Each structure stands twice: as C-alpha cells, then as structure tokens.
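Worksheet: the structure to be examined is printed underneath.
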Amino acid sequence: MGELTFAGIDGIVILTVFALIMLVIGYYSGRGEKNIHESLSGYYLAGGNLGIIALFFTLFATQYSGNTIVGYAPAAYRTGFSWLQSISFMTIIIGVYLLFAPRLYVIAKKRGFVTPTDWLQHRFNSKGVTLVAIFLMLWGLGNYLLEQLVAIGQAVSGMTGGTIPYQAAVIVFVFVMLAYEWMGGMKAVAFTDVMQGIVLLIGIIAFVAGGVYLAGGSFGSITQFIAENEPAKIAVPSSETNINWFSMLVLVGLGASIYPHAVQRIYAAKSEKTLKKSFARMAWMPLLTTGLVFLVGIIGIKLFPGLEGDASEQLVGLMANKIAAINPFFYWIMIIFFGGIVAAIVSTADSVLLSFSSLISNDVYGKFIKPSASEHRKVMVGKIIGIFAIFGLLWIAWNPPGTLYDIFVLKFELLVQLFPAFVLGLYWKRLSSTPVFWGMVIGAIAAGILTLTGHKTVVGIHGGVIGLAINFIICVGGSFLTTSSAKKNPVLEEDMNAVYIKA
C-alpha cells in the first residue's frame, strides 16, 4: 500500500478505534445468543437468520476486500484500460450466484446444510467426492487467508508510516480477529462487514474525487496524458490479451462464486426473498467498487508516471499522501478510509477463517473422525484447529510469495474445479459421482502441474481453466456412460424435483 506519511499517530488512533469497535461487535453478538456456541448453524451461519442489510454487506465483503483497492489499482496502473476486465469478472460472479443460489437455498434450508460439502455429500453420496472437495476448499481458503494476512501487514505498516512493523501489525490484528470471531461467530463477522462496507464505499468515492482534482479536474486531461506518454495503455489489446481476459472471466467468475464462505452466506439468509434482494443490490457493486478502483489506477498513471514492478504496488499510498494534503477534510477522510481498508481486510480474513474452521469441524471431524460428537464439541474443534492453521500461515506470511495479485490468482486454479460438481449437479440429475470424482482429481492435477511448472497461462488461457475444461469433459462424458446416482436416491430426487418446479 505504501507508507502514509501524513498519518502517524492519527493513523494509530483510528486503527485502535476500528479494532475496539470490532471487539465490541463480537462481544454483543455472542452475548445475545445463548446457543451460538452450541450448534454448528448458530456459530457458522448466524442461525440462518441474516436480514437484508447484514446479508448484503457480508456478501459485499466476501466479494470485495481492502485488498481489492490495494491490489487492483496497481494492476490498472500497470496494464491501463485493459484492466476494465476487473469490472467484468466481478459482474459475472453475481450472474453465476443467481444461476445456482436460489435453487441451492431451497435444499439447504430443508436439509440443514452448514458447509458446501453438505450439498455435495447429499447430491453424490460419495466419500471420494466429499474428500476431494474438502481438500480443494481448504486449499482455496488457506491460500485466500494467506493473502489477507500479507495485506494486513502491508496496510497497517503503511498506514502508520512504519511505526507499527509488518510482523507486529499482522499479529495484533490476528488476535483482534480471533477474539471477536470466537465470541460472536458468523453474526459478529456479518456486522463488522456492515461497518467496513459503509466506510469503504464512502472512502473510495472521496479518493477518486481527490485524485481527479489533483490530476487536473477532468478525465479528459488524464486520458490525453496517457495517450501522449504511454499510448500502449490505451491501445486495443492484443488477441492473446483478449483470450487472457476471457480466461480470467471464467476462472474468477466461476471460482469466486463457489467460495465456501460465499456459499455459507447463501445458507445464512433469513429467507429466499432476502437472498434475491441482496443479490439484486449486489449487481450494482462492480461499478461502484471495482470500477472506481480501476479509475484510481488510471488517475495514478498521470500523478506518478514511470512506476515499475514493486514500486507500482505502492501507488495507493502515494496517492493518499497527496490527496490528504489537499485540505483537512481530505486528510481525515483518508485516515478513516485507510482504517476502513485495514478493517475490510481483517473482515475478509475472518470470513475465510470462519469457513475454514467450519470445514474442519463439520466435514473433517464431524464426517470422518467422530460423527457422534456433539455440535458444541465440533464447534470447539473447528475453533482450535483454525487457530493452529492461522499461526501456521503467519509463518509463511513473514516472507510473502509474490505480489498480492499473484497470490490472488493462485487459489482459483484448484478451487474452480469444484464448479461442475457443485452447480451442474443442481441442474442435471444424471451427473454421477464417479466421473465427478475423476473430473475434479484430473482437472486439479492438470491445473497444478501447469502452475507448478511455470505455465500459469497457455496462449493466454489459465491453467485452472484448462483443468476445468478437462474436468467438464470427464464429468459430462462419464455421466452419459453411467447410471445416475440421483435416481437411486429418493430423498435427493424429491429435493431436485422441488427446485425444478419452483424454478
């Protein structure tokens, strides 16, 4: 993010205020619910009782993080107008949600699902499918959590001008996150999402306004500067760039829509009507969030020309320093905004950790190690293992692997392999467990080999998308040659017929 030289002690004060607010939210979220720690649904899904405001903002926080601002603006700075793709792939996520979320919600409420794996187990009745799905989900969540830990350290260190070192920043806010999540579970996470979502929306609007003012007061002058000095950034993209753009739409659009923590928010909705209204409002957020972040990167090309590599990653901090110097209003808006960015990153991390813990408690421990355990014990196991996992990731976070964008892309290569089983399984009764199992395994291996051998893209196509194509071929082709498991399961047949009729 870059150091905010204007912040100093004021930045520390604002961060302390945000931390205290999150702790208070966690305390009161847990205090008002007697059974929140006694049931998996109570702790991990807020009892399936999230209203439209809480659900909207927690979905917003799932799709957008403080890292969206810190990481995407430099990407727009480096690539220019071709980074408009970021708006597209955030938009397509909403479309994919609407493709499956209402159908899944009907079955999830009826059967009391807690994790995404509950649906896959119900649909395919296969230990192999369940185990592979658990591994892929834990991989994606662990990778995403690592990304947020790196971003927390960079954001806090940058905001305090290095007064709070990177390592200390991560540790302090990890303890804050663990404390309020332990106390309030999903309910605490959802209400902290409301707080950070409001701050981010107001802050990014002010940030763009300040940037435009510094850049000459109009977008026309900005695009003219780019045309004269860096014409490649406004040129028509090459065919390989366009292919890569489409590949990213597939990879992120399909992968992000089946984030385990996103799916669990579908389960947590108070009603189907609440769910649909929240998604209807989410349809506007790519323009209001990713679109404005894109503009930050474009404005930065004029304000700070010539930044390369790691230097471009400091763009947001560099711009904030100049915007804060405009007048006292922008000074305090920037401080509060960057405090909100830190809170947003922490809030995203808590969502991921909560989902990670639920997979451990409900799926690994509850399905395979001790199915007879009480729900209270399962919740406690998930909490404790989650703490061990996060401190293991902290060890990695001391030396973060690559830029934030590189870390962001990496997790989707394997996570997206769940899509055929998860979504196609809602629509096609004949889809059966054996080809689904081998489709996920072979698709994941293909994507992993390409990534590990340095071939993240082939002719612009991501390794994860190539793996997904193989996965689809195996799932569909194999299911035509086998007998559908859905037809042998009367309970599943009843559920599938119900969502077809409702649709």
Side-chain angles (χ1 to χ4, degrees), residues 26 30 35-48 62 108 112-122 126-149 174-175 177-190 258-268 346 348-397 411 414-415 417-418 421-422 440 444:
N35 297 322
I36 195 170
H37 303 284
E38 304 300 322
S39 73
L40 292 167
S41 176
Y43 186 74
Y44 292 118
L45 303 178
T62 300
F113 294 163
V114 174
T115 65
T117 311
D118 284 339
W119 157 240
L120 294 177
Q121 184 180 49
H122 181 66
S126 165
K127 287 185 178 181
V129 170
T130 301
L131 283 169
V132 173
I134 291 171
F135 170 78
L136 294 177
M137 289 181 190
L138 288 176
W139 168 269
L141 289 171
N143 197 298
Y144 198 16
L145 187 54
L146 173 61
E147 174 190 319
Q148 301 311 310
L149 295 179
V174 160
F175 275 110
M177 177 184 69
L178 290 173
Y180 73 74
E181 186 172 290
W182 186 286
M183 291 186 287
M186 169 67 89
K187 190 175 180 181
V189 169
I258 54 170
Y259 268 147
H261 50 302
V263 172
Q264 287 179 288
R265 276 147 179 76
I266 295 170
Y267 295 170
V346 175
T348 300
D350 66 30
S351 298
V352 178
L353 178 61
L354 190 73
S355 190
F356 187 98
S357 298
S358 72
L359 288 171
I360 296 296
S361 60
N362 182 69
D363 297 339
V364 178
Y365 184 73
K367 287 182 172 71
F368 294 99
I369 297 178
K370 195 170 183 181
S372 62
S374 67
E375 291 204 2
H376 172 73
R377 184 175 181 84
K378 292 176 184 176
V379 169
M380 291 303 297
V381 167
K383 287 181 177 181
I384 293 169
I385 298 300
I387 291 173
F388 279 106
I390 201 167
F391 281 102
L393 290 170
L394 276 176
W395 180 79
I396 301 173
K411 65 182 175 289
L414 299 186
L415 186 62
Q417 306 308 321
L418 290 164
F422 206 88
M440 287 194 296

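Please read all numbers here as calculations on a predicted model, not as lab measurements.
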(request) Grab the two heavy atoms, one from Ala133 and one from Met440, that are nearest each other, plus how far apart they are. (result) N-CE, 4.4 Å
(message) Which residue in the set Val263, Leu418, Leu359, Val129 passes side-chain contact (heavy atoms from CB on, under 4.5 Å) when paired with Thr117?
(response) Leu359
(request) Any chance you could measure Ile384, atom CD1, to Ile360, atom CD1, to the nearest 0.5 Å? (result) 12.5 Å
(request) Tell me, with the steps shown, if Arg377 and Met380 meet side-chain contact (heavy atoms from CB on, under 4.5 Å). (result) CA-CA 5 Å; Arg377 184 175 181 84; Met380 291 303 297; 5.7 Å; no
(message) Quick one, Tyr259 and Lys411 - any side-chain contact, counting heavy atoms below 4.5 Å?
(response) yes
(message) Contact between Asn143 and Trp139 at the side-chain level, heavy atoms closer than 4.5 Å - yes or no?
(response) yes
(request) Rounded to the nearest 0.5 Å, what's the gap from CD on Glu181 to OH on Tyr43? Could you check? (result) 5.0 Å
(request) State, to 0.1 Å, how close Gly48 and Ser41 come at their nearest heavy-atom pair, and which atoms those are. (result) N-OG, 4.2 Å
(request) Please confirm whether the backbone N or O of Thr115 pairs with a side-chain atom of Asp118, one donor and one acceptor, at under 3.5 Å? (result) yes
(request) Answer whether the closest heavy-atom distance between the side chains of Ile390 and Met177 falls below 4.5 Å. (result) yes
(message) Once rounded to the nearest 0.5 Å, what's the spacing between atom CZ of Phe368 and atom CG of Leu131?
(response) 3.5 Å
(request) Using atom types as modelled and distance alone, determine if a side-chain donor or acceptor of Glu375 lies under 3.5 Å from a backbone N or O of Leu40. (result) yes
(request) Might you point out which heavy atoms bring Ala444 and Leu136 nearest each other, and give the distance in Å? (result) CB-CD2, 4.1 Å
(request) Report the C-alpha distance between His261 and Leu354 in whole Å, list the side-chain angles of each, state the deciding distance to 0.1 Å, and finish with yes or no for side-chain contact (heavy atoms from CB on, under 4.5 Å). (result) CA-CA 8 Å; His261 50 302; Leu354 190 73; over 6 Å; no
(request) Give a yes or no on whether the backbone of Val114 and the side-chain of Gln264 come within a donor-acceptor separation of less than 3.5 Å. (result) yes
(message) For a side-chain contact (heavy atoms from CB on, under 4.5 Å) check, start with the C-alpha distance between Leu415 and Tyr144, then their side-chain angles and the critical distance, and finish with the verdict.
(response) CA-CA 11 Å; Leu415 186 62; Tyr144 198 16; over 6 Å; no
(request) Nearest 0.5 Å please: distance from the CE atom of Met186 over to the CG atom of Asp350. (result) 9.5 Å
(request) Using a 4.5 Å cut-off on heavy atoms from C-beta on, say whether the side chain of Ile134 contacts that of Val364. (result) yes
(request) Provide the closest heavy-atom pair for Tyr365 versus Ala373 in the form atom of the first, atom of the second, distance. (result) CE2-CB, 3.6 Å
(request) Give me the one residue out of Ser39, Ser355, Ser361, Ser358 that meets side-chain hydrogen bond (donor to acceptor under 3.5 Å, both in side chains) with Tyr44. (result) Ser361
(request) Over all heavy atoms of both residues, which pair between Gly386 and Ser357 is shortest? Give the atoms and the distance, please. (result) CA-OG, 3.7 Å
(request) Output the distance between atom CG (Leu138) and atom CG (Leu145), rounded to the nearest 0.5 Å. (result) 11.5 Å
(request) Decide yes or no on side-chain contact (heavy atoms from CB on, under 4.5 Å) for Asn362 and Lys378, but give the supporting numbers first. (result) CA-CA 7 Å; Asn362 182 69; Lys378 292 176 184 176; 5.5 Å; no
(message) What's the separation between atom NZ in Lys383 and atom CG in Leu178, rounded to the nearest 0.5 Å?
(response) 11.0 Å
(message) Check whether Trp119 reaches the backbone of Phe422 with its side chain - one donor and one acceptor, N or O, closer than 3.5 Å.
(response) yes
(request) Assign the ring pair Phe391 / Phe175 to parallel, tilted or perpendicular, where the plane angle (0 to 90°) is split at 30° and 60°. (result) tilted
(message) How close do Gly142 and Phe356 get, counting heavy atoms only, and between which atoms?
(response) N-CD1, 4.3 Å
